[in-house]
Amino acid sequence: MKPIICIAGKNDIAANVLTFVAKHYDVAQVFAVANRDDTGHSTWQQSLTATAQRLGVELIILEQAYAIPQLHFFSVEFDRIVLPQRFSSGAQLYNIHFSLLPRYKGVYTAIWPILNGETETGVTLHRMEAGIDTGPIIHQRKITLGPNDTARDVYHSCLALGHEVLCEFIPQLVAKPLAGTLQPAMGSTYYGPKSIDFANLPIDLRQTAFQVHNAVRAFTFQEYQLPSVLGRRVRASHITTTASTAKPGTILAEDAEFFSISTIDFDLQLVKDYSIELLQAIDAGDEKQVEAVLPYVPDLEVRTRQGWTPLMKAAYANHLPIAKALLAAGADVNATTKKGTSVLMYAKTAAAQSGNLALVEYLLLTGADVNAKDITGKSVLDYAELEGNPAVVALLASRITS
């Protein structure tokens with residue numbers, strides 16, 4: 001008998017696992033349960049709701065999933081407490097957790113291992129039971145934590161590894177349920193939602209350089225927050241070999257890019273962040289400010305919470321000088337959102353509204369792919385034809401290749 005599978009959760013991992021099950025696995029039926037804050041629009045992460053709709057997968061709520069007999073239920077960053085006793089008989093319930101259980105049950109699993117100075121973390125596939133991340137372990141896979149890895153780095157590594165593990169084990173678990181190995185009590189730790197107050201993230205400078213460095217990288221997650229030290233937003237830190245002699249927290253030197261402080265033991269160099277200033281300058285159309293901060297923004301592909309790169313924002317604003325500056329600094333002319341919307345598509349919209357095609361022409365000259373299609377299968381020319389702007393259509397059509 002073909003299995004019935006439900007994927008519950010959010011973000012790229014849930015969307016990608018659902019795509020794998022729906023497209024590459026022979027099932028009787030597939031369901032999806034999206035997190036309560038899923039708006040149906042992809043941002044810097046894919047929306048499970050949008051993915052299910054695109055794939056023709058039926059969206060249900062958790063209470064409906066409880067009633068489906070013989071269901072194979074996979075929780076992937078799901079935001080609800082699942083009650084195993086409420087599922088119909090024969091249900092098989094599994095969760096992928098971003099830590100090496102029994103350590104780091106609960107939340108903020110990309111942050112606490114860094115704060116605690118761990119050298120490894122990983123992902124755990126386990127059976128679900130009534131407790132929080134307490135079920136028997138099916139499989140674990142490790143990730144080495146480098147000395148400069150940030151919470152963002154750890155999270156993205158867990159996304160990729162979790163997807164890999166689920167796509168490997170779903171066919172096995174559906175074919176033959178595995179009992180798993182009971183989690184030991186020794187070494188088990190838990191961190192709840194109130195363990196970190198993100199509205200108030202002061203970094204105690206009366207610590208060692210190692211501890212302060214770990215706090216900086218633990219709270220470095222561009223799409224959510226960046227740490228602040230002595231009123232300066234920072235994106236990285238470096239432990240020096242110079243022993244501290246000044247009072248901990250003393251600023252020892254400062255320029256546009258760095259500042260150094262003393263700690264309990266060694267001086268620490270902190271790297272200032274200018275990403276917000278860059279985005280604000282683009283929004284304001286301030287070319288001089290863009291040029292001033294660009295040298296201090298090394299990664300021009302980090303997204304806003306909405307999933308936009310700086311170049312996408314400049315393209316949508318139809319601001320050619322700023323777009324030129326971003327491209328000269330290494331911005332990707334063919335970057336796309338999770339929906340496949342390209343820089344050129346944003347520039348096309350702006351050109352159609354303003355009648356100024358200069359930016360579209362420049363993007364085409366610098367390698368923008370006019371043939372690229374979004375997740376609906378439409379190209380920039382398809383959208384231009386739908387909008388009915390003859391000048392834009394003619395320009396794009398002249399660059400189409402077979």
Side-chain angles (χ1 to χ4, degrees), residues 3-18 20-21 25 27 29-38 48 52 57 59-110 121-141 158-159 161-185 187-193:
I4 301 172
I5 296 177
C6 180
I7 306 298
K10 68 175 182 176
N11 290 343
D12 283 356
I13 185 169
N16 290 337
V17 170
L18 180 65
F20 164 77
V21 170
Y25 196 60
V27 296
Q29 196 162 4
V30 183
F31 298 99
V33 180
N35 282 13
R36 288 167 292 186
D37 61 354
D38 190 328
L48 181 63
V57 170
L59 283 155
I60 60 175
I61 60 174
L62 180 59
E63 286 68 24
Q64 289 175 287
Y66 285 146
I68 301 172
Q70 304 296 321
L71 180 67
H72 298 270
F73 184 91
F74 294 90
S75 169
V76 191
E77 291 199 277
F78 192 41
D79 67 349
R80 297 279 302 277
I81 297 296
V82 174
L83 304 175
Q85 69 274 16
R86 291 192 58 186
F87 279 88
S88 295
S89 63
Q92 296 291 321
L93 316 176
Y94 303 95
N95 178 56
I96 193 82
H97 184 70
F98 290 172
S99 83
L100 295 175
L101 293 173
R103 291 180 291 169
Y104 300 104
K105 295 176 171 69
V107 295
Y108 312 139
T109 55
T121 185
V123 299
T124 301
L125 175 63
H126 66 98
R127 296 184 69 92
M128 297 178 72
E129 58 180 31
I132 299 175
D133 303 320
T134 57
I137 294 170
I138 302 296
H139 182 75
Q140 291 185 320
R141 208 158 288 176
C158 287
L159 280 181
L161 200 58
H163 173 257
E164 177 183 300
V165 169
L166 278 169
C167 290
E168 178 181 334
F169 275 84
I170 283 176
Q172 297 181 44
L173 293 172
V174 169
K176 182 181 180 181
L178 301 177
T181 303
L182 294 178
Q183 294 187 39
S188 179
T189 56
Y190 165 79
Y191 293 92

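- Separation of atoms CG (Leu178) and CD1 (Ile137) is listed at 13.5 Å; rounding is to 0.5 Å.
- Although no hydrogens or angles enter the test, the distance criterion places a donor-acceptor pair under 3.5 Å between the side chain of Gln140 and the main chain of Leu101.
- Under a 3.5 Å cut-off, the side chain of Ser88 and the backbone N or O of Ala67 do form a donor-acceptor pair.
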message: Run the side chain to side chain contact (heavy atoms under 4.5 Å, CB included) test on Thr121 and Tyr104 for me, step by step, so that the C-alpha distance in whole Å, both residues' side-chain angles and the decisive distance to 0.1 Å come before the verdict.
response: CA-CA 9 Å; Thr121 185; Tyr104 300 104; 5.6 Å; no
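- Thr181 has its side chain out of reach of Pro136: every pair of non-hydrogen atoms, C-beta onward, lies at least 4.5 Å apart.
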Solution key, residues 73-84 side-chain donor-acceptor pairs under 3.5 Å, sequence neighbours excluded:
from: Ser75; atom 1: OG; to: Asn95; atom 2: OD1; distance (Å): 3.1
from: Glu77; atom 1: OE1; to: Tyr155; atom 2: OH; distance (Å): 2.8
from: Glu77; atom 1: OE2; to: Tyr155; atom 2: OH; distance (Å): 3.3
from: Asp79; atom 1: OD2; to: Arg36; atom 2: N; distance (Å): 3.0
from: Arg80; atom 1: NH2; to: Glu63; atom 2: OE2; distance (Å): 2.9

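- Residue Ile5 comes nearest to Ile7 through the heavy atom pair CG2-CD1, 4.0 Å, listed as atom of the first residue, atom of the second, then distance.
- In this structure, Ile4 and Phe31 have side chains that are in contact, with non-hydrogen atoms separated by less than 4.5 Å.
- In terms of heavy atoms, Ser99 sits closest to Thr124 at O-OG1, 2.6 Å.
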- prompt: When you look at Gln172 and His139, which way does the side chain to side chain contact (heavy atoms under 4.5 Å, CB included) test go after all the steps?
  reply: CA-CA 12 Å; Gln172 297 181 44; His139 182 75; over 6 Å; no
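- How far CD1 of Ile96 is from CG of Leu159: 11.0 Å, rounded to the nearest 0.5 Å.
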task: Check the pair Asp38 / Lys10 against side chain to side chain contact (heavy atoms under 4.5 Å, CB included), numbers first and verdict last.
output: CA-CA 7 Å; Asp38 190 328; Lys10 68 175 182 176; 5.6 Å; no
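- Listed here is the closest heavy atom pair of Arg141 and Leu100: O-CD2, 3.8 Å.
- Side chains of Lys105 and Ser188: a donor on one and an acceptor on the other come within 3.5 Å.
- In this structure, the separation between CG on Leu166 and CD1 on Ile13 is 5.5 Å, given to the nearest 0.5 Å.
- Note that NE2 of His97 and CG of Leu125 are 12.5 Å apart. Values are rounded to the nearest 0.5 Å.
- In this structure, Leu173 CG and Tyr94 OH are separated by 4.5 Å, a value rounded to the nearest 0.5 Å.
- Contact between Pro177 and Arg127 at its shortest, heavy atoms only, is CB-NH1, 4.3 Å.
- Scanning both residues, Cys6 and Ile60, for their nearest heavy atoms gives SG-CD1, 4.5 Å.
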Val21 and Val57: CA distance, side-chain angles, deciding distance, side chain to side chain contact (heavy atoms under 4.5 Å, CB included) verdict: CA-CA 10 Å; Val21 170; Val57 170; over 6 Å; no
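- Residues Leu48 and Val33 share a closest heavy-atom pair of CD2-O, 3.5 Å.
- Tyr66 contributes atom OH, which lies 11.5 Å from atom CG of Leu71 (distance to the nearest 0.5 angstrom).
- Here the side chain of Gln183 pairs a donor or acceptor atom with the backbone of Asp133 at under 3.5 angstrom.
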